[in-house]
Amino acid sequence: MLKFLFMLLFMMPICFMKKSFWTAQNFLFIFFFLFMFTMNFNSFNMNISYFLGLDLISYGLILLSIWITSLMIMSSEMVYKLNNYSIYFLLLILFLLMMLLLTFSSLNMFLFYVFFESSLIPTMFLILGWGYQPERLQAGMYLLFYTLLASLPLLMSIFYIFSNVFTMNMYMLMNYSFYYYFFYFSMIFAFLVKMPMFLVHLWLPKAHVEAPVSGSMILAGILLKLGGYGLLRVFPFLMQMGLKFNYIFISISLMGGFIISLVCLRQMDMKALIAYSSVAHMGIVLSGLLTLSYWGLSGSYTLMLAHGLCSSGLFSLANMTYERLGSRSLMINKGLLNFAPSLSLWWFLLCSGNMAAPPTLNLLGEISLLNSIIGWSYYSIILLSLLSFFGAAYSLYLYAFSQQGKIYSALYSFSMNYSREFLILFLHWFPLNLLILKSDLCYLWL
């Protein structure tokens with residue numbers, strides 16, 4: 001693991017070279033393939049060093065992180081073109097990737113917490129430094145205070161664990177089972193906010209709408225998955241409490257997912273719509289994960305990977321139309337089928353991915369989650385059917401509203417798409433449909 005960290009560390013000086021924007025991005029692709037081929041696919045831990053190690057969950061999420069960060073740099077060509085502090089931009093992205101790599105591969109609970117929180121800082125700088133609207137300051141504060149306030153109890157709980165069992169190693173802790181109410185709530189609350197669970201989700205749409213395209217891609221692609229990953233790691237020693245109290249969070253998530261789906265149907269801002277759809281998807285991921293069944297755990301992991309690729313691609317698409325038309329409102333972004341017919345196919349593919357149409361990985365994840373939640377309680381079938389129906393409804397609404405309709409009369413000049421943009425979209429969509437052929441990786445880690 002250390003060799004990969006050093007590779008990232010030594011990539012940072014490259015940012016200061018002249019015209020190194022694409023060099024750094026190409027290095028990230030090389031990094032991705034190196035990382036992919038140095039792993040052996042078994043369900044045990046591998047590459048264990050002093051405090052770092054990997055199993056299949058970490059492996060999948062780290063690969064996703066590297067992939068999304070390299071696509072983020074590709075999508076942010078305007079930063080490079082306008083020379084909008086592109087050096088610092090690259091530096092922030094590499095630092096963020098390093099924090100994510102360390103988060104996903106930490107074996108120590110305290111170090112996991114430290115890196116989990118550190119990934120917040122570069123994200124906030126991305127929103128504050130490269131965001132579009134004047135409200136980005138407020139969005140940054142929302143992001144910071146929601147997540148920091150929730151994670152203070154987590155820090156206390158980690159210290160409590162250490163003072164009682166004298167170890168913070170995640171695999172040692174699997175032998176224990178803690179049975180304290182407050183401990184359980186404080187342990188999972190930080191992850192619930194990060195997911196985000198309905199009722200503590202308000203920071204997410206705000207951050208998405210204000211963030212630049214790279215910020216939105218990393219938020220949707222990776223940072224929401226930190227919450228799910230954290231829950232997968234702490235539930236082994238919270239099993240007893242989980243069986244007792246999880247129903248509260250499952251009901252909130254399912255109900256919330258349904259309400260948010262209705263909220264999606266009346267959004268006029270493309271980015272806000274995609275951001276709210278993320279909250280709805282994470283609601284179903286969270287409820288599946290909290291059933292603590294085999295189907296639920298592996299389904300939540302699968303949908304986390306799928307959602308990372310799919311919603312990141314949608315944000316990238318929304319940004320492409322924003323760069324052309326100067327607006328993200330669905331009132332102005334109409335009739336894009338006449339304008340950019342070649343982009344229309346990608347809108348269709350990613351929107352159908354968002355509503356879990358076959359053969360995307362989303363379908364596999366959602367089927368497993370439906371299985372686990374209905375197995376947990378038969379009554380949840382009502383909310384789940386509503387959730388699935390409205391999930392399809394808002395994806396179709398986004399597609400139909402943006403592609404059909406009468407073109408806004410003030411749009412008189414337009415540039416066609418670059419091959420770079422098609423490559424970005426292909427690199428989001430291709431793994432999404434390819435991974436379903438290798439679905440054993442998503443299921444054999446338990």
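- The shortest heavy-atom contact between Leu369 and Gly296 is CD2-O, 3.7 Å.
- Remark: the backbone N or O of Leu61 is paired with a side-chain donor or acceptor of Ser65 at under 3.5 angstrom.
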task: Take His428 and Leu71 through the side-chain contact (heavy atoms from CB on, under 4.5 Å) test and state the conclusion after the steps.
output: CA-CA 8 Å; His428 276 112; Leu71 292 177; 3.5 Å; yes
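- At distances below 3.5 Å, at least one donor-acceptor pair connects side-chain atoms of Tyr113 with backbone N or O atoms of Ser151.
- Not a single donor-acceptor pair under 3.5 Å links the side chain of Ser312 to the backbone N or O of Leu309.
- The distance from the OG atom of Ser105 to the CD1 atom of Ile62 is 4.5 Å, given to the nearest 0.5 Å.
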Under 3.5 Å, which donor-acceptor pairs do the side chains of residues 82-104 form with other protein atoms, sequence neighbours left out?
from   : atom 1 : to     : atom 2 : distance (Å)
Thr103 : OG1    : Met99  : O      : 2.6
Thr103 : OG1    : Phe115 : O      : 3.4

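- When only modelled atom types and interatomic distance are considered, Ser327 and Ser329 share no side-chain donor-acceptor pair under 3.5 Å.
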- request: Check the pair Met187, Ile158 against side-chain contact (heavy atoms from CB on, under 4.5 Å), reporting the backbone distance first and the verdict last.
  value: CA-CA 8 Å; Met187 203 72 195; Ile158 291 173; 4.3 Å; yes
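- Panel note: side chain Ser20, backbone Cys15; a donor-acceptor pair is recorded below 3.5 Å.
- Other residues, nucleotides and ligands contribute only 12 or fewer heavy atoms inside 6.0 Å of the CZ atom of Phe125.
- Put simply, the side chain of Asn362 gets close to the backbone of Gly353: a donor and an acceptor are under 3.5 Å apart.
- Residues Tyr80 and Ile73 form no side-chain contact, since every pair of their non-hydrogen atoms from C-beta on lies 4.5 Å or further apart.
- In this structure, Tyr59 and Phe35 have parallel ring planes: the angle between them is below the 30° cut-off, well short of the 60° mark.
- Tyr397 OH: more than 12 foreign heavy atoms inside a 6.0 Å radius.
- The two atoms that bring Ser368 and Gly299 nearest to each other are CB-CA, 3.6 Å, heavy atoms only.
- A 6.0 Å sphere centred on CE of Met156 holds more than 12 heavy atoms belonging to other residues, nucleotides or ligands.
- At least one side-chain heavy atom of Leu231 sits less than 4.5 Å from a side-chain heavy atom of Phe235.
- Counting heavy atoms from C-beta on, the side chains of Gln138 and Glu210 never come closer than 4.5 Å.
- Looking only at distances, a side-chain donor or acceptor of Asn246 sits under 3.5 Å from a matching main-chain atom of Leu290.
- No donor-acceptor pair under 3.5 Å is formed between the side chain of Ser344 and the backbone N or O of Ala340.
- Centroid-to-centroid, the aromatic rings of Phe348 and Tyr399 come within less than 6.0 Å.
- Using cut-offs of 30° and 60° on the angle between ring planes, the pair Tyr146 and Tyr142 is tilted.
- Tested against Phe237 for a ring-ring contact (aromatic ring centres under 6.0 Å, His included), the candidates Phe178, Tyr176, Tyr184, Tyr171 yield a single pass: Phe178.
- Ring geometry for Phe183 versus Tyr160: interplanar angle of 30 to 60°, hence tilted.
- Atom-to-atom distance recorded for Asn354:CG and Tyr394:OH is 5.5 Å, nearest 0.5 angstrom.
- Side-chain contact check for Thr23 versus Asn26: every heavy-atom pair is 4.5 Å or farther apart.
- When side chains are defined from C-beta on, Leu343 counts as touching Met320, because their heavy atoms get closer than 4.5 Å.
- Contact check on Arg324 versus Glu421 returns a salt bridge, with a Lys/Arg side-chain nitrogen under 4.0 Å from an Asp/Glu carboxylate oxygen.
- For Leu137, the CG atom counts as loosely surrounded, since its 6.0 Å shell holds 12 or fewer non-hydrogen atoms of other residues, nucleotides or ligands.
- By the neighbour-count criterion of 12 heavy atoms within 6.0 Å, atom CE of Met331 is sparsely surrounded, having that number or fewer from other residues, nucleotides or ligands.
- Taken to the nearest 0.5 Å, the CD1 atom of Ile66 stands 7.5 Å off from the CG atom of Leu8.
- Identified under the salt bridge (Lys or Arg N to Asp or Glu O under 4.0 Å) test for residues 104-132, with sequence neighbours left out: none.
- Between Leu232 and Trp445 the shortest side-chain heavy-atom distance falls below 4.5 Å.
- Between the side chain of Thr360 and the backbone N or O of Ala356, no donor-acceptor pair lies under 3.5 Å.
- Using bins of under 30°, 30° to 60° and over 60° for the plane-to-plane angle, the ring pair Trp295/Tyr443 lands in the perpendicular bin.
- Between Phe116 and Phe191, the gap from one ring centroid to the other is short of 6.0 Å.
- Between Phe426 and Phe430, the ring-plane angle classifies as parallel under the 30° and 60° cut-offs.
- Judged purely by distance below 3.5 Å, without hydrogens or angles, the side chains of Ser58 and Arg233 pair a donor atom with an acceptor atom.
- Donor-acceptor pairing under 3.5 Å is lacking for the side chains of Tyr276 and Asp269.
- Remark: Tyr408 OH is loosely packed, at most 12 non-hydrogen atoms of other residues, nucleotides or ligands lying under 6.0 Å away.
- Using cut-offs of 30° and 60° on the angle between ring planes, the pair Phe10 and Phe6 is parallel.
- Shortest non-hydrogen contact noted between Cys442 and Thr302 is CB-OG1, 3.4 Å.
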- request: Please assess Phe145 against Trp203 for the test side-chain contact (heavy atoms from CB on, under 4.5 Å), listing each intermediate value before the final yes or no.
  value: CA-CA 9 Å; Phe145 282 102; Trp203 62 272; over 6 Å; no
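- Using bins of under 30°, 30° to 60° and over 60° for the plane-to-plane angle, the ring pair Trp67/Phe29 lands in the perpendicular bin.
- Taking CG from Leu173 and CG from Leu107, the interatomic distance works out to 11.5 Å, rounded to the nearest 0.5 Å.
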field: Working for side-chain contact (heavy atoms from CB on, under 4.5 Å), residues Ser402 and Met270
entry: CA-CA 9 Å; Ser402 59; Met270 276 190 197; 4.2 Å; yes
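- In this structure, the side chain to side chain contact (heavy atoms under 4.5 Å, CB included) partners of Phe189, at least two apart in sequence or on a different chain, are Ala150, Val193, Val200.
- More than 12 heavy atoms of other shown residues, nucleotides or ligands fall within 6.0 angstrom of atom OH in Tyr294.
- Ring geometry, His208 versus Phe315: the interplanar angle falls under 30°, so the pair is classed parallel (tilted spans 30 to 60°).
- The two residues Arg136 and Leu128 make their nearest non-hydrogen contact at NE-O, 2.9 Å.
- Between the side chain of Ser216 and the backbone N or O of Val213 there is no donor-acceptor pair closer than 3.5 Å.
- The nearest pair of heavy atoms linking Pro196 to Leu224 is CD-CD2, 3.9 Å.
- With hydrogens and angles ignored, the 3.5 Å screen pairs no side-chain donor or acceptor of Ser316 with any backbone N or O of Gly313.
- For the pair Leu5/Leu52, a side-chain contact is recorded, criterion being any heavy-atom separation below 4.5 Å from C-beta on.
- Using a 4.5 Å heavy-atom cutoff, the side chains of Trp130 and Ser214 are not in contact.
- Between Met11 and Ala24 the shortest heavy-atom distance is CE-O, 3.9 Å.
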